[in-house]
Amino acid sequence: MEDTKYSPEFETKWYEFWEKKGYFQPKDDQNAENFSIVIPPPNVTGALHIGHALNGTLQDIMVRYKRMKGYNVLWVPGTDHAGIATQNMVEKDLASKGIKKEDLGREKFVEKVWEWKEKYGNRIVEQIKRLGLSCDWSRLRFTMDEKLSKAVRKVFVELYKEGLIYKDKYIINWCPRCHTALSDLEVEHKEEEGKLYYIEYPFEDGNGGVIVATTRPETMFGDTAVAVNPNDERYKDIVGKKVILPIKNKPIPVIADEYVDMEFGTGVVKITPAHDPNDFEVGRRHNLNLVVAIDDYGRMTNEALHYKGMDRLECRSKLVAELESKGFIKNVAQHRHAVGHCYRCKTTIEPYVSEQWFVRTKPLAEPAIEAVKDGRTRFIPQNWEKTYFEWMYNIKDWCISRQLWWGHRIPVWKCEDCGKYTVSEEDPAVCEHCGSNNIKQDEDVLDTWFSSALWPMSTLGWPEQTEDLKRFYPTSLLVTGFDIIFFWVARMMMMGLHFMKDVPFRGVYIHALVRDQYGQKMSKTKGNVIDPLEVVEKYGADSLRFTLAILAAQGRDIKLSEDKIEGNRRFMNKIWNAYRYIKLNTEGQTFDEKPKKLSQASVWIKSRLAKTIRKVEDALNQYKFNEAASAIYQFTWHEFCDYYIEMSKVHMDDEFSYSIKYTLLEVFEAILRLLHPFIPFITEELWQKLPNKKGESIMIAEYPKFKESDIAEELESAMDTVIDIIRAIRNLRSEYNIPPSKRIKVFVKTEDEKVQSILVNFKNYIHALALVDELSITTKPVDGCVVQSTVYADIYLPVEGNIDVEKEVERLTKLLKKQEKSMNFLNNKLNNEAFLEKAPKELVEEKRAELEEVTRLYNKTKGIIEQLKGLKR
RNA sequence: GGGCGCAUAGCUCAGCUGGAAGAGCACCUGCCUUACAAGCAGGGGGUCGUAGGUUCAAGUCCUGCUGCGCCCA
């Protein structure tokens, strides 16, 4: 016999079993609908974190659910080469051995990264498997696979030919540490305490000067103008004059531009087109020169005179000192402002002018906006559409070149002779313009997100017209976090619509972020991470999965703590022990024949099961994972275990002996199937042991179907009466500290014939669940008893010796107060003319009946109290 | 500065289309009742952030305010 404590050690065994059986691969049923998902590819070098666990669990629930519903299901897994992240990691590794990537050279370095990928790239895959995710591993993809790289090239070349990719000298976000350009999205803005320096720029004519305010004085070596707002009365007369740039002693013009905020500082700002994105635009409008004062390593150039070669931040402090000593600094103020940081290495971003490749996004965004507007792609929850639209309407061109070595090399060759570009899918031998063989490939690689943008099509085989592509594109669902709606979702929409002429996915389920129990983001530095692998080790993957699912309410972040996972392990344990009970009673018997007659409890539980199935399906169809999970939890624990199993004990040796066991197995088996998408392992483990299983695995069994014919309203309402009476008896037992070991005698007083007949018919259940050994129906009060009234009947419990009158009066007075409150509420309502007139008739009737009922109870309670008080005297 | 979201029991949160507030954990009491002490039974606890409005009826719809998050610039 199994141990009373569930232990999840069987998990890996079942995963191997499923994989070996090929269940993760789609069926080939021509009549069935297709359901496909592509996994958001984790970084090859990454380690599984709780976010992956949530993301994967939710997808797996849908995938397993649909599979059991009979769909042809395909879930494509894969990993992302993660340009900067991976390169940084390998660089760091090499650095620890004292090697710089430049020492190796590009080719050798890239080789090293591939080695790294071979070595560690599978780690995350293995970790994902441990969670039970049923991806089709025979279709595992990597963004730098040969075929996927071909797709990348094709897309680049076609977009280039359509004029949607261009090269431009532009100010971009530059990470001096990673030594590469970053897209706007890859910059994280953080509020920082900084200083605002007020520096005087004297007029060229020697008559005073203007004071400019800047947070970055070191960029002054790149200043080519100072600017004021054209509407600023204070500075009307100085526009067109010249000022002298301090230290450099170079005259620069005063210009007027709407961009200048009159409220900021003095209303005069310095314009440094090469080192500030806004100034860059101003410079373009006013034809200003680009003077580069800081180089790509964040060091000062020779424009900075004696500061040449110095780091920009060191230069700042030294320069401020010099300016101060020379009297140029008029004031220094504290100033909070947003500073950009590299999303990978957190280094402060340096705006930098350079030649980069860009994707013209506007023409691509329009169809992507349309597709969501007309519902071809639906966001769940729908609010996220707003976020998507907001960004799409204000989309900027996408800088796609990165000065890295790891990634898809840009397929552009520049001719050293004619200077023109050859852009080609195949490596060209000669320049397509002049035929020269003196051509050189662009050094840069593409933004990682460029290849991810193609993920749904490229993993299915595009540009080849594969069977998979035909069958599974558009995919059915994408499950991802809100943090990559712009990075990824939006770009997949653009690329998918452009190249496939159809959306990449029908639905986008946006899930929450997993935070710690205090709502803090989990991070290694804070030390508040919950490691999914540790948790799985300790509690099992099922407990983690169920916890994530039951917490995954739409639109709210998940605050996770180990307690919660432990709490759900108890649920696993409950299921485990329910199985033990069933096994104990059914072992060695066969259950091939349907029972002819069911006991009342069985009819009831089947009705409840049917309703639960309906609830679960409704919830899952709306992606309400928490509702689905709690519906089954509630049913399994509080109806099946708390009531049905207890009631089943009554029938073990009576005429229903076979039928009750049959139904126990039947309902339990259905519970396991209902739960399988959430907790695949324990459900398989137990299902395999059931004598009534059909098929070789629960994974490919049919999902429970709602059966209208199982609904038994009349019986359910009778059972409500029974449960109500059981509760009342238990309550009295508890109030009088009667231990379970002591069976009792009760009188149930009711004049209602219906209730009387229920009492007769369901007597056994009351005996068993309320631990009663003698139940008498009466229409008269019984002496020497404590009483508890319910809507249906009054329970009289004989007490040995004397009744503690005071305690009893106290208890009942409390009850009386409640009933009084209730009466008042209902009376108010029913005395309200407007309510009687305007509220629905049924509601009014309902309230009338309620009032009648409460009044009856109130009078009863009152009577008992008075009687008790009389006794006291 | 623009946008989004949240405020319900001590804690973490459910509450769909408006008809007298729910769960899990924690707490209190009693129990090893033959599936389960990782359990069973019972119990206490909320004027649903605040001020208005719509309505016969508001946690639920609308507006202002306060507090707290997040995203974008």
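Reckoned from all heavy atoms, side chains included, excluding hydrogens, waters and symmetry mates. Proteins get letters first, then strands, A, B, ... in listed order; numbering begins at 1 in each.
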Notebook entry, point to check: Do W398(A) and D447(A) have side-chain atoms, one donor and one acceptor, less than 3.5 Å apart?
Noted result: yes
Notebook entry, point to check: Any idea which of rG5(B), rC36(B), rA20(B) is nearest the E646(A) side chain?
Noted result: rC36(B)
Next item on the list: Establish whether the base of rC36(B) is bridged to the side chain of K574(A) by a donor-acceptor pair shorter than 3.5 Å.
Entry: yes
Notebook entry, point to check: Which comes earlier along RNA chain B counting from the 5' end, the contact point of K624(A) or that of Y633(A), where each point is its nearest nucleotide?
Noted result: K624(A)
Margin query: As a test of reading the structure: which of rG5(B), rC56(B), rC31(B) is closest to the side chain of P740(A), going by heavy atoms?
Written below: rC31(B)
Check: K838(A) has an atom NZ; how far is it from atom P of rG19(B), in whole Å?
Finding: 19 Å
Next item on the list: Looking at every strand, decide which applies to L843(A) at a 4.0 Å heavy-atom threshold: base, sugar-phosphate, or nothing.
Entry: base
Next item on the list: Would you check if the distance from the ring center of Y765(A) to the ring center of H651(A) is below 6.0 Å?
Entry: yes
Next item on the list: Could you state the atom-to-atom distance from CZ of R811(A) to C1' of rU29(B) in whole Å?
Entry: 15 Å
Next item on the list: Determine whether more than 12 heavy atoms belonging to other residues, nucleotides or ligands lie under 6.0 Å from atom CD of Q382(A).
Entry: no
Next item on the list: Mind checking K649(A) for me? I need base, sugar-phosphate or nothing, with any heavy atom below 4.0 Å counting as a touch.
Entry: base
Next item on the list: Identify whether any heavy atom of I738(A) sits under 4.0 Å from a base atom; if not, whether one sits that close to sugar-phosphate; answer base, sugar-phosphate or nothing.
Entry: nothing
Margin query: Does L826(A) reach a base, just sugar-phosphate, or nothing at all? Heavy atoms under 4.0 Å.
Written below: base
Check: Checking all strands, does E562(A) fall into the base, sugar-phosphate, or nothing category for heavy-atom contacts under 4.0 angstrom?
Finding: nothing
Check: Tell me: CD of E833(A) to C1' of rA57(B), nearest whole Å?
Finding: 16 Å
Item checked: Gap in Å between the two P atoms, one belonging to rG44(B) and one to rG22(B), rounded -> 13 Å
Check: rG15(B) and rA41(B): how far apart are their P atoms, nearest whole angstrom?
Finding: 27 Å
Next item on the list: Tell me which nucleotide among rU12(B), rG19(B), rC36(B) gets nearest to the side chain of R580(A).
Entry: rC36(B)
Next item on the list: Side-chain contact test, heavy atoms from C-beta onward, threshold under 4.5 Å: evaluate it for Y581(A) versus S648(A) and give yes or no.
Entry: yes
Next item on the list: Measure centre to centre between the rings of F681(A) and F10(A), then say whether the value is under 6.0 Å.
Entry: no
Next item on the list: Sticking with atom P, work out how far rC48(B) lies from rG43(B), rounded to a whole angstrom.
Entry: 24 Å
Item checked: Whole angstrom value for the distance that separates P of rG5(B) from NE2 of H511(A) -> 19 Å
Checklist line | Short N-O contact, K689(A) and E685(A), less than 4.0 angstrom | finding: yes
Notebook entry, point to check: Ring centroid separation for W637(A) and Y633(A), is it under 6.0 angstrom?
Noted result: yes
Check: Which is true for D483(A) with a 4.0 Å heavy-atom rule: it touches a base, it touches only sugar-phosphate, or it touches nothing?
Finding: nothing
Notebook entry, point to check: Tell me, what's RNA chain B's dot-bracket, Watson-Crick or G-U with both distances under 3.5 Å, | for other-strand, [ ] crossing?
Noted result: (((((((..((((.....[..)))).(((((.......))))).....(((((..]....)))))))))))).
Check: Under 4.5 Å between any side-chain heavy atoms of P40(A) and W488(A), yes or no?
Finding: yes
Check: For K818(A), which contact category applies under a 4.0 Å heavy-atom criterion: base, sugar-phosphate, or nothing?
Finding: sugar-phosphate
Next item on the list: Could you state the atom-to-atom distance from CD of Q382(A) to P of rC16(B) in whole Å?
Entry: 17 Å
Next item on the list: Would you mind classifying the nucleic acid contact of R569(A) as base, sugar-phosphate or nothing, using non-hydrogen atoms under 4.0 angstrom?
Entry: base
Next item on the list: Among the candidates rC71(B), rA35(B), rU12(B), find the nucleotide nearest to the side-chain atoms of F486(A).
Entry: rC71(B)
Item checked: Atom C1', compared across rC68(B) and rG30(B): separation rounded to whole Å -> 43 Å
Margin query: So R727(A), base contact, sugar-phosphate only, or nothing? Heavy-atom distance under 4.0 Å.
Written below: sugar-phosphate
Next item on the list: Select base, sugar-phosphate, or nothing to describe what Q634(A) touches, counting heavy atoms under 4.0 Å on all strands.
Entry: nothing
Note to self: Could you check whether Y170(A) and F280(A) have their ring centres less than 6.0 Å apart?
What the structure shows: yes
Notebook entry, point to check: Does a nitrogen or oxygen in the side chain of W637(A) sit under 4.0 Å from OP1 or OP2 of rC40(B)?
Noted result: yes
Checklist line | Residue Y6(A), side-chain atoms from C-beta onward, closest of rA38(B), rG19(B), rG5(B) | finding: rA38(B)
Next item on the list: Looking at every strand, decide which applies to T4(A) at a 4.0 Å heavy-atom threshold: base, sugar-phosphate, or nothing.
Entry: sugar-phosphate
Item checked: Rounded distance in Å - CG (D563(A)) to P (rC11(B)) -> 15 Å
Checklist line | Nearest-angstrom distance from the residue atom CG of N828(A) to P of rC56(B) | finding: 17 Å
Item checked: Base of rA35(B) and ring of Y579(A) stacked, centres under 5.5 Å, planes under 30° -> no
Notebook entry, point to check: On a whole-Å scale, what distance lies between the P atoms belonging to rC62(B) and rC16(B)?
Noted result: 13 Å
Next item on the list: Using atom CG of L560(A) as one end and atom P of rG24(B) as the other, report the distance to the nearest whole Å.
Entry: 19 Å
Margin query: Under 4.0 Å, heavy atoms only, any strand: does F571(A) hit a base, just the sugar-phosphate, or nothing?
Written below: nothing
Checklist line | Candidates L775(A), I723(A), L771(A) - the one meeting side-chain contact (heavy atoms from CB on, under 4.5 Å) with I766(A) | finding: L775(A)
Item checked: Under-4.0 Å side-chain N/O to phosphate OP1/OP2 contact, R733(A) with rG30(B) -> no
Notebook entry, point to check: Is R570(A) near enough to rC25(B) that one of its side-chain N or O atoms lies under 4.0 angstrom from OP1 or OP2?
Noted result: yes
Checklist line | Nearest-angstrom distance, C1' atom, rC71(B) to rU60(B) | finding: 27 Å
Notebook entry, point to check: With rounding to whole Å, what would you report as the distance between rC11(B) and rG45(B) at their C1' atoms?
Noted result: 13 Å
Check: Do I61(A) and F625(A) have side chains that get closer than 4.5 Å, going by heavy atoms?
Finding: yes
Note to self: When you measure from the side-chain N and O atoms of H638(A) to the phosphate of rG24(B), is any distance below 4.0 Å, counting only OP1 and OP2?
What the structure shows: yes
Note to self: At less than 4.0 Å, is any side-chain N or O atom of N568(A) found next to OP1 or OP2 of rG24(B)? Yes or no.
What the structure shows: no
Margin query: In whole Å, measure the gap between the C1' atoms of rA9(B) and rG59(B) for me.
Written below: 14 Å
Check: OP1 or OP2 of rG19(B) less than 4.0 angstrom from a side-chain nitrogen or oxygen of K829(A), does that happen here?
Finding: no
Next item on the list: Could you check F482(A) against E566(A) and say which one's nearest nucleotide on RNA chain B is further toward the 5' end?
Entry: E566(A)
